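Okay, structure first, notes after.
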Amino acid sequence: MKVVSILDYWPFTLLQPIVAVPAFMCADAFSKFLPFCTGFAAGCMIWMVVAEVLPDAFKEASHPQVASAAIISVAFMEALSTAFENFSHDYSSEDASGFFVSLLFGLGPLLGGFILVVFALAFHLQHALLMGAASGIAFVLAAWRPLQLLVSSKMGFFPLISLLALGAAFVHVSSSSILKIAGRKKASVNNLPTVTGFPVSVHTLQSFLSCGAVAFHALAEGLALGVAAPKAYGLGRHMVLPVSLHGLPRGAAVASCIFGATDSWHSALAAATLIGFVGPISAIGAILARIDYSGLDHVMVFACGGLLPSFGSIIRRGLRLDTRRGGFGLAVGVGFASLCLMCTKLVCLHTPYCNSAPEAVR
C-alpha cells in the first residue's frame, strides 16, 4: 500500500518545481488573480489531505500516531514560517534575491535527470549508450570552464593544466582506494547488473563515485553563483532560465550514469535530485559567508579535472560493452551538453547572470 501511494503522488510532486519557473516569471502579469489562485490551491490541498492522504494514513497507522504526526508537522511548519519572517528582517533584498536564485539552481539537474529517464524508458536505451552519453556530458563540463579561462586570458596554460592534473590525480587516487577496499569484499565484479533494483557491485560503486565528482563540480559552480546571485535585480527572475539551463546537463549526466549501472529509473532520478541540492547549498553558503570571487576559478578548474578520470573509466566500460553504441552515446552526450551550455551563454548575455558578476559566471 505504501509503494502504491508514493507512485500515485510522485508525478504531481515532480511537476511542481517544473511549473514553478514559468509561474514565477509571469507572476507580475497575473498579480490581480493571485488571491483567488492561492485560495483555490489551498482548497485543493485541503481536499487532497482529507480525501486521499488521511485515509491512507489511517490504513497504515493508528489514530494516535496519525494525530501525533500531524501535530509535529504543523509545529514544524509554524517554526519554519517564523524563521522565514525573521530571516526577511535580517537580510537585504539582494540577499533574498540570491537565496531565491540559488534554490532555482537545483531545478536544472532535476529536469535534466527527468528528461534522460523519459528518453531511456521510451527508447529502451542500452547500458553502453547511457554510459557514453554520461561521459560525453561530463567531458564537456570538464572542458567548458577551463577553455573559457584560457581564451579570455584569465589563467595561464601551465597553471590551468597543473590544476586539471591535480584534480584528476586527487579523484583517481581517492576512487581507486575506495574501489580497492570494496573489491576485496566481492568475489566477482565483471558483470554489470541487468535487473531492476539496487545491486551492489564495484561497477555500481564506480558510477556513484563518478557522480561524486559531478557533485564536487556542482559545489564549485554553486560558489560562483553565490557571488553573482545577490547582485541580480528584480529578485533574480531574469536569471531563472540561464541558471536552470546551466544545470540541465549535470542532471542528465548523473541520471544516465546511474541508470546505465543499475537499470533503475528510481535511482537515476534520486541521484539527479541529490546533485540538484549540492549547487543551491553551496551558493547559499557562499552568500551567508559573504565570500568574494578570489580563488574560485582555481577551485572550478580543480573540480573539472576530477571529472576526467571518473568518466574515463565509465566510457571505457561502455565501449567494452558495445563499441558502436558507446561511441554514439558519447557523441550524443557531447552534443547535448554543448547545446545546453551554448544556449545558457546566449540567454545569459541579456541577463544579470552574466552582467552582475561577469568574473563569476562568464
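Not measured: the values here are computed from a predicted model. One is the number of the first residue; the rest follow in order along the sequence. Reckoned from all heavy atoms, side chains included, excluding hydrogens, waters and symmetry mates.
Between the CG atom in Asp322 and the CE atom in Met131 there is a gap of 11.5 Å [rounded to 0.5 Å]. With rounding to the nearest 0.5 angstrom, the CD1 atom of Ile137 is 8.5 Å from the CZ atom of Phe311. Summarising the geometry, atom NE2 belonging to His246 is positioned 6.0 Å from atom CG belonging to Leu341; distances are rounded to the nearest 0.5 Å. The line from OG of Ser210 to CZ of Arg317 is 7.5 Å long, rounded to the nearest 0.5 Å. The structure places OG of Ser176 at 9.0 Å from CD of Gln206, a figure rounded to the nearest 0.5 Å.
Cluster annotation: Phe277 is not connected to Leu141 through the hydrophobic network of ILVMFWY side chains, with a link wherever side-chain heavy atoms come within less than 4.5 Å. Leu54 and Ile46 are assigned to two separate hydrophobic clusters, defined by single-linkage of ILVMFWY side chains at heavy-atom distances under 4.5 Å. Connection of Val278 to Ile281 is not established within any shared hydrophobic cluster, with ILVMFWY side chains joined at heavy-atom distances below 4.5 Å, either directly or through further cluster members. When the side chains of ILVMFWY residues are joined at heavy-atom separations under 4.5 Å, either directly or via intervening members, Phe216 and Leu160 end up in two distinct hydrophobic clusters. Two different hydrophobic clusters hold Phe302 and Val214 under the rule that ILVMFWY side chains link at heavy-atom gaps under 4.5 Å.
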>> Pair Leu209, Ser310 - check side-chain contact (heavy atoms from CB on, under 4.5 Å), show working.
In response: CA-CA 7 Å; Leu209 291 174; Ser310 298; 6.0 Å; no
> Hey, mind stepping through Phe336 and Leu248 against side-chain contact (heavy atoms from CB on, under 4.5 Å) and telling me if it holds?
Replying inline: CA-CA 10 Å; Phe336 173 75; Leu248 206 66; 4.2 Å; yes
>> Applying side-chain contact (heavy atoms from CB on, under 4.5 Å) to Met300 and Trp144, what does each step give before you reach the verdict?
In response: CA-CA 11 Å; Met300 176 62 72; Trp144 191 262; over 6 Å; no
>> Between Leu150 and Met155, is the side-chain contact (heavy atoms from CB on, under 4.5 Å) condition met? List the steps.
In response: CA-CA 6 Å; Leu150 194 61; Met155 186 177 293; over 6 Å; no
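A donor-acceptor pair under 3.5 Å is absent between the side-chain atoms of His217 and the main chain of Ala303, judged by distance alone. One N or O on the side chain of Ser256 and one on the backbone of Leu130 form a donor-acceptor pair closer than 3.5 Å. Under a 3.5 Å cut-off, the side chain of Ser135 and the backbone N or O of Leu330 do not form any donor-acceptor pair. Although no hydrogens or angles enter the test, the distance criterion places a donor-acceptor pair under 3.5 Å between the side chain of Ser282 and the main chain of Leu223.
Inter-residue side-chain proximity for Leu166 and Phe170 is flagged as unmet; no heavy-atom pair is nearer than 4.5 Å. Here the side chains of Ile258 and Cys211 are in contact, with some heavy-atom distance below 4.5 Å. Side-chain contact between Leu125 and Phe259 is absent, with no heavy-atom pair separated by less than 4.5 Å. Within the 4.5 Å cutoff, side-chain heavy atoms of Ile314 are placed close to those of Cys257.
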Donor-acceptor pairs under 3.5 Å, side chain of residues 113-122 to any protein atom, not counting sequence neighbours: which ones?
none

If you look only at distance, which donor and acceptor atoms sit under 3.5 Å apart when one is on a side chain in residues 65-72 and the other is two or more places apart or in another chain?
unit_1 : atom_1 : unit_2 : atom_2 : d
Gln65  : OE1    : Ser62  : N      : 3.1
Gln65  : OE1    : Ser62  : OG     : 3.3
Ser68  : OG     : Pro64  : O      : 2.8

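Within the structure, every pair that satisfies the salt bridge (Lys or Arg N to Asp or Glu O under 4.0 Å) test and touches residues 249-260, not counting sequence neighbours, is listed here: Glu221-Arg250.
Summarising the local packing, CZ of Phe40 is surrounded by 12 or fewer heavy atoms from other residues, nucleotides or ligands at distances under 6.0 Å.
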